[in-house]
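Here's the structure we're looking at; comments come further down.
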Amino acid sequence: MLLLLLSVLLFLTAAALGLLALGLFSSLASNGPLWLRSLGVLGAGAVQGAGLGGLSGVAQAFTLVLLTSLTAGLAAFVKPRA
C-alpha cells in the first residue's frame, strides 16, 4: 500500500514538473498562451530556487525535462507489480 501511495505521488510530481517545463518552453516564445507562460514564470522560479538561476532559459527548461523524466522513471520503477 505504501509503494502504491509513493508511486502515485511520484507520478503527480512528474506531471506537475512536466507542466512547468512546458510552461518554460512556452515562455521562451512570445506567442504562447498566457496561462502557459504563467506556468513558465512558476517554473523559472522553481529552477532559480534550486540554485540553477544562472542557466539560460532553454537550459532551465531542459533541466526540468530531465528532472521530469527521472521522476517518471522512478515512479514506474517503484510501481507495485500486480
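Note that this is a predicted model, so its numbers are computed, not measured.
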Minimum-distance pair of heavy atoms, taken over all atoms of L19 and L39: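 That closest heavy-atom pairing would be O-CD1, 4.1 Å.
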Exercise: identify the closest heavy-atom pair between V65 and A21: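 Looking at all heavy atoms of both residues, the shortest contact is CG2-CB, 3.9 Å.
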Would you compute the distance between atom [atom1] of [X] and atom [atom2] of [Y] and round it to the nearest 0.5 angstrom?
X	Y	atom1	atom2	answer
T13	L67	OG1	CG	9.5 Å
L3	L10	CG	CG	10.5 Å
T71	L12	OG1	CG	12.0 Å
N31	S26	CG	OG	7.5 Å
S27	L42	OG	CG	10.5 Å
M1	L6	CE	CG	12.5 Å

Are L55 and L17 in one and the same hydrophobic cluster, where Ile, Leu, Val, Met, Phe, Trp and Tyr link if side-chain heavy atoms are under 4.5 Å apart?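 Both belong to a single hydrophobic cluster.
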Could you check whether any side-chain heavy atom of V47 comes within less than 4.5 Å of a side-chain heavy atom of L24, counting everything from C-beta outward?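 They are in contact (side-chain heavy atoms under 4.5 Å apart), so the answer is yes.
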With F11 via ring-ring contact (aromatic ring centres under 6.0 Å, His included) - residues at least two apart: none
Determine which pairs satisfy ring pair (Phe, Tyr, Trp, His ring centres under 6.0 Å) with at least one residue from residues 24-74, sequence neighbours left out, and list them in order.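 Found F25-F62.
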With sequence neighbours left out, the residues meeting side chain to side chain contact (heavy atoms under 4.5 Å, CB included) with L22 are L36
For G32, is there any backbone N or O sitting under 3.5 Å from a side-chain donor or acceptor partner on R37? yes
